[in-house]
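Here the structure is laid out as structure tokens; the discussion comes afterwards.
Heads up: numbering here begins at 1 and tracks the sequence.
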Amino acid sequence: MDAIDKIRERTLAAIVAAADPGQLDAVRVAAIGKKGDVTGLMKTLGSLEPDARRAFGQAVNQLKDDVQSALDARRAVLDSAALDARLMAERIDVTKPARFQGQGRIHPISRTIDELTAIFTEMGFTVAEGPDIETDFYNFKALNFPDDHPARQEHDTFYLPPDAEGSSKVLRTHTSPVQIRTMEKVTPPIRIIVPGRTFRSDHDATHSPMFHQVEGLVIDKKTHMGHLKGCLIDFCRAFFDVDDLPVRFRPSYFPFTEPSAEVDIGCSRDGGGLKIGGGDDWLEILGSGMVHPRVLEYCGVDPNEYQGFAFGMGIERITMLKYGIPDLRPFYDSDLRWLRHYGFLPLQVPTIAEGLNG
Ligand code: PHE
């Protein structure tokens with residue numbers, strides 16, 4: 001057996017025996033590296049006669065090709081074995097439910113905002129926002145509150161110190177100013193909800209000086225009271241997760257809607273506990289009405305062409321009712337025990353598809 005055959009035999013055996021990429025590389029260097037056996041044979045070519053050189057050169061080239069293909073084949077085998085091992089080691093079961101290991105909880109207010117956003121966006125609403133600090137124009141005047149109207153006092157408004165011209169900004173007493181800001185900017189059709197902070201100088205077990213409301217506004221050419229009713233009945237039933245929840249519309253008054261209606265949901269109060277749905281009692285949960293033509297005019301929307309409805313509700317109130325939270329004050333105490341009890345796990349995100357109720 002000549003030198004070429006010996007090297008071939010030894011090298012191919014070593015390649016097959018290489019157990020990992022490191023060993024395989026050592027075999028490669030020993031064969032076709034700068035000082036390798038095959039390279040060594042190449043170097044002897046120069047000392048041969050031309051005829052012998054051609055035959056020997058071909059044989060050495062053949063050897064080099066054979067070694068290279070054996071190396072490539074072995075590398076492919078080792079790579080795929082390494083990948084298999086890694087996949088086995090890193091295997092995770094993506095079908096298992098996510099397990100939350102942190103301490104944090106989603107505050108019930110944020111949770112309710114997520115839930116009502118899921119319900120109203122499904123109906124085609126988008127979410128709008130406005131500033132907490134408002135001018136008298138947006139908070140009152142453009143909403144058709146006359147200058148000396150008692151409703152202004154009823155709002156227990158927080159006024160900021162007057163500016164150089166003597167006019168005071170207010171902390172918005174409701175989210176309704178965002179109706180005005182939206183109608184000024186957007187050509188109807190409009191379908192928005194506006195969750196946000198609101199402020200009134202009032203503090204007891206059911207009132208906080210800072211609280212949250214969600215406003216709704218729908219403006220189009222033929223939007224009528226039937227749409228208002230359908231939209232709010234659907235919302236109440238979805239939010240409280242009671243399919244046959246009784247919903248009642250009671251005539252009311254707001255300066256910026258005409259006609260106006262307050263909305264009650266059916267409940268029972270057997271044995272001290274409160275149950276949403278059924279029963280013969282009612283709970284008021286929101287204010288609503290058809291947008292007053294004068295409000296449309298204030299915003300440059302032609303009341304002969306467009307009409308629509310608006311509604312507003314207290315987020316704390318519907319949260320307390322849905323989750324049986326008895327007192328409003330701890331909402332803002334940042335007491336971890338309360339948050340752990342009433343808060344929600346961050347991975348339970350409410351969506352219409354996944355369900356609103358965790
Ligand atoms: N802004 C009213 C309030 O704070 C609620 C409301 C909004 C009523 C929109 C009618 C229409 O009480």
Side-chain angles (χ1 to χ4, degrees), residues 92-129 132 175 192-199 205-216 231-245 247 263 265-268 272-278 283-286 311-358:
I92 49 167
D93 184 351
V94 294
T95 65
K96 280 191 167 167
R99 207 182 313 144
F100 178 66
Q101 285 163 356
Q103 291 283 307
R105 293 289 184 276
I106 301 296
H107 194 283
I109 294 292
S110 307
R111 169 75 186 196
T112 295
I113 292 175
D114 288 348
E115 290 178 13
L116 49 89
T117 302
I119 297 171
F120 282 114
T121 51
E122 175 78 6
M123 293 186 197
F125 286 73
T126 53
V127 175
E129 288 184 316
D132 290 356
T175 41
I192 54 156
I193 55 161
V194 186
R197 288 200 181 104
T198 47
F199 307 84
T206 54
H207 294 91
S208 150
M210 188 283 296
F211 58 108
H212 297 76
Q213 286 190 338
V214 60
E215 193 81 9
C231 171
L232 292 176
I233 292 171
D234 279 358
F235 167 76
C236 291
R237 292 182 174 166
F239 180 77
F240 290 104
D241 198 25
V242 178
D243 287 346
D244 57 355
L245 180 68
V247 181
V263 179
I265 54 171
C267 67
S268 60
L274 177 73
K275 192 174 154 293
I276 305 290
L283 275 168
E284 179 197 323
I285 62 156
L286 64 90
F311 59 87
M313 70 191 126
I315 291 180
E316 280 78 355
R317 183 168 167 78
I318 59 170
T319 306
M320 290 166 74
L321 290 171
K322 176 163 179 177
Y323 294 109
I325 305 176
D327 191 350
L328 176 70
R329 286 168 289 202
F331 273 80
Y332 318 107
D333 284 348
S334 301
D335 181 336
L336 279 178
R337 291 163 304 175
W338 186 89
L339 285 168
R340 286 200 187 109
H341 184 76
Y342 287 112
F344 293 84
L345 292 176
L347 294 172
Q348 301 174 333
V349 183
T351 62
I352 291 290
E354 295 261 337
L356 295 176
N357 302 295

Walk me through whether Trp338 and Asp333 qualify under side chain to side chain contact (heavy atoms under 4.5 Å, CB included).
CA-CA 9 Å; Trp338 186 89; Asp333 284 348; over 6 Å; no
Decide side chain to side chain contact (heavy atoms under 4.5 Å, CB included) for Val214 and Ile318; before the verdict, give the C-alpha distance in whole Å, the side-chain angles of both, and the deciding distance to 0.1 Å.
CA-CA 11 Å; Val214 60; Ile318 59 170; 5.6 Å; no
Show the numbers, then the answer: is there a side chain to side chain contact (heavy atoms under 4.5 Å, CB included) between Phe331 and Met320?
CA-CA 10 Å; Phe331 273 80; Met320 290 166 74; 3.6 Å; yes
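Side-chain atoms of Glu316 never come within 3.5 Å of backbone atoms of Ile109 as a donor-acceptor pair (strictly under, hydrogens ignored). Looking only at distances, no side-chain donor or acceptor of Arg111 sits under 3.5 Å from a matching main-chain atom of Thr319. Remark: the backbone N or O of Val194 is not paired with any side-chain donor or acceptor of Glu215 at under 3.5 angstrom.
Between Thr198 and His212 there is no side-chain heavy-atom pair separated by less than 4.5 Å. In this structure, the side chains of Met123 and Asp234 come closer than 4.5 Å at one or more pairs of heavy atoms. Looking only at side-chain heavy atoms (C-beta outward), Leu274 and Leu283 come within less than 4.5 Å of each other.
With rounding to the nearest 0.5 angstrom, the CD1 atom of Ile265 is 12.0 Å from the CG atom of Leu232. Atom CD1 of Ile106 is separated from atom CG of Leu347 by 9.0 Å, given to the nearest 0.5 angstrom. Rounded to the nearest 0.5 Å, atoms CD (Gln213) and CG (Leu286) are 10.5 Å apart. To the nearest 0.5 Å, atom CZ of residue Phe239 and atom CD1 of residue Ile119 are 7.0 Å apart. The structure places CG of Asp335 at 9.5 Å from CZ of Arg340, a figure rounded to the nearest 0.5 Å. Rounding to the nearest 0.5 angstrom, the gap separating the CD1 atom in Ile325 from the NE2 atom in His341 is 8.5 Å.
Heavy-atom minimum distance, Tyr342 versus Gly324: OH-O, 4.1 Å. Shown here for Ala118 and Pro350, the closest heavy-atom pair between the two residues is CB-O, 4.0 Å. In this structure, Pro108 and Gly343 approach most closely via the heavy-atom pair CD-CA, 4.4 Å.
Every residue two or more places apart in sequence or in another chain was checked for a side-chain hydrogen bond (donor to acceptor under 3.5 Å, both in side chains) with Ser208, and none qualifies. The salt bridge (charged side-chain N to carboxylate O under 4.0 Å, His left out) search around Glu122 returns none, not counting sequence neighbours. The side-chain hydrogen bond (donor to acceptor under 3.5 Å, both in side chains) test applied to His107 returns no partner, not counting sequence neighbours.
None of Val242, Ile276, Leu245 except one satisfies the side chain to side chain contact (heavy atoms under 4.5 Å, CB included) rule with Cys236; the exception is Leu245.
Aromatic ring centres of Phe235 and Phe125 lie farther apart than the 6.0 Å criterion allows.
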